[in-house]
Amino acid sequence: GAKSRVTVVGSGNWGSVASKLIASNALKLPSFHDEVRMWVFEETLPNGEKLSEVINQINENVKYLPGIKLGKNVVADPDLEHAVRDANMLVFVTPHQFVEGICKRIAGKIRKDAEAISLIKGMEVKMEGPCMISSLISQELQINCCVLMGANIANEISVEKFSEATVGYRGNKEIAERWVQLFNHPYFMVSAVQDVEGVELCGTLKNVVAIAAGFVDGLEMGNNTKAAIMRIGLREMKAFSKLLFPSVKDSTFFESCGVADLITTCLGGRNRKCAEAFARNGGKRSFDELEAEMLQGQKLQGVSTAKEVYEVLRHRGWLELFPLFATVHEICSGHYPPSAIVEYSDHTPKFS
Ligand code: NAD
Ligand code: 13P
């Protein structure tokens, strides 16, 4: 059959690493076109050059992934509609707050047979209730959308250190296998589970727990406290996921997307890092300020996710069932001090 054409929608830290990984496989696998297009949200660098042009000249994303060659078959394209037009495999990997706008711009302008996968950790809350990013993509573009989540700190994968990831799919196993083929690598072991909501909620909710873990680090409370916060957080992740989607499987929490991603993010992620600084400053400097200063253009997902989760909890009358999630939002929004993370994050086991 015809070769698949892949476009990566997004070129931040993880977007760039995902492009590198995919590009290396596309070269090796005959059923994929060699060229991998990567949509770049264009920006002008301090020296006046355009980011997409520099990427194409030196094969490196100098702003979001400096020092790493992406592979000669990665082509940066600043024109979104042009970048997606001919692709039948679309990989979405932007900060979650930009997805809806991106989908609205490309709706009706993609191939009818296109398949999508989302690497995006986050959710939207609409009037009708919560909407996962893969559902948003599916609804806006009228296409199927799988997810890929896991213990995947991008900078570590960029230097080819071993890690694992989980593909979540809905019904069609052949499509899931095609995505596994595209991503799987000796240093990136991918497995697929039929639980798209479970996989995506794991990836989304662990960012809220990582904020809590960062507070604990900033307050210098030690390893036992941090482990306790991670355990309580994991319990809330599971309970919340199952209340929203009863089909979510227990086994999903033991995949890379579950406990492994929770651990790596609470140890080495950006959400943890900025939350630590927030607590060290006694909550006096905002997350927006810390994000801009510490991440240089990269984006946090945990603070907005905590707010989105809080809205769902409030609407459904579930606030008392999720004291850790609720407390993270109260701290981020300045209502409680960072120390509240251990004072209010429940101790009674409501879910076993
Ligand atoms: P990032 O945090 O590096 O984000 C910056 C990106 O957002 C840049 O490409 C920037 O150009 C783009 N951007 C800024 N303003 C924009 C706008 N108005 N419209 C569209 N794009 C805009 O991005 P990332 O690390 O690739 O993260 C993308 C997703 O992947 C997130 O959901 C994140 O949680 C997830 N993720 C990240 C990692 C990681 O280690 N970085 C690992 C796994 C998953
Ligand atoms: P941070 O966004 O907190 O760095 O987490 C990255 C991640 O999702 C690792 O899997």
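Note that this is a predicted model, so its numbers are computed, not measured. Atoms within each ligand, like the ligands themselves, are counted from 1 in listed order.
- For the residue pair Gln301 and Gln97, a side-chain donor N or O sits within less than 3.5 Å of a side-chain acceptor on the partner.
- Residue Lys121 has at least one heavy-atom neighbour below 4.0 Å for each of these atoms of ligand 2: 7 (C), 8 (O), 9 (C), 10 (O).
- Using modelled atom types and a 3.5 Å distance limit, the side chains of Ser134 and Arg170 yield no donor-acceptor pair.
- Between Asp217 and Arg280 there is no salt bridge, since none of the side-chain N atoms of the basic residue sits less than 4.0 Å from a carboxylate O of the acidic one.
- Between Phe183 and Ile22 there is a side-chain heavy-atom pair separated by less than 4.5 Å.
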Ligand 1 N/O to protein N/O, distances under 3.5 Å:
unit_1   : atom_1 : unit_2 : atom_2 : d
ligand 1 : 2 (O)  : Arg270 : NH1    : 3.0
ligand 1 : 2 (O)  : Lys299 : N      : 2.8
ligand 1 : 3 (O)  : Asn13  : N      : 2.9
ligand 1 : 9 (O)  : Gly12  : N      : 3.1
ligand 1 : 25 (O) : Trp14  : N      : 3.2
ligand 1 : 25 (O) : Arg270 : NH1    : 3.1
ligand 1 : 26 (O) : Asn13  : N      : 3.4
ligand 1 : 26 (O) : Trp14  : N      : 3.0
ligand 1 : 26 (O) : Gly15  : N      : 3.0
ligand 1 : 32 (O) : Lys121 : N      : 3.0
ligand 1 : 32 (O) : Gln301 : OE1    : 2.9
ligand 1 : 40 (O) : Ala154 : N      : 2.8
ligand 1 : 41 (N) : Asn13  : OD1    : 3.1
ligand 1 : 41 (N) : Arg270 : NH1    : 3.3
ligand 1 : 41 (N) : Arg270 : NH2    : 3.2

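- Nearest protein neighbour of atom 4 (O) of ligand 2, counting heavy atoms only, is Arg270 N, 2.7 Å.
- Note: an N/O pair closer than 3.5 Å links Asn271 and ligand 2 by distance alone.
- Scanning Asp261, Asn155, Leu262 for the heavy atom closest to atom 9 (C) of ligand 2 points to Asp261.
- Of the heavy atoms in Lys273, none comes closer than 4.0 Å to ligand 2.
- Under 4.0 Å is where a charged nitrogen must lie from a carboxylate oxygen, and between Asp86 and Arg37 no such pair does.
- Salt bridge Lys20/Glu160: present, at least one basic N to carboxylate O contact under 4.0 Å.
- Residue Gly269 has no nitrogen or oxygen atom sitting less than 3.5 Å from a nitrogen or oxygen atom of ligand 2, judged on distance alone.
- Other residues, nucleotides and ligands contribute only 12 or fewer heavy atoms inside 6.0 Å of the CZ atom of Phe254.
- Looking at Gln301 against ligand 2, nothing comes within 4.0 Å, counting heavy atoms.
- At a threshold of 4.0 Å, the pair Arg178-Glu174 does not count as salt-bridged, since none of the basic side-chain nitrogens sits closer than that to a carboxylate oxygen.
- Ring orientation note: the planes of Trp14 and Phe188 are tilted relative to one another, at an angle of 30° to 60°.
- Side-chain contact check for Asn207 and Thr305: no donor-acceptor pair (N or O, by modelled atom type) lies under 3.5 Å.
- Salt-bridge check for Glu311 with Lys307: passed, with a basic side-chain N closer than 4.0 Å to an acidic carboxylate O.
- Residue contacts with ligand 2: Gln298 is excluded, as none of its non-hydrogen atoms falls under 4.0 Å.
- Listed by atom number, the atoms of ligand 2 under 4.0 Å from Gly150 heavy atoms are 10 (O).
- For ligand 2, none of its N or O atoms has an N or O atom of Arg272 under 3.5 Å away.
- Among protein heavy atoms, the minimum distance from atom 5 (O) of ligand 2 is reached at Lys206 NZ, 3.4 Å.
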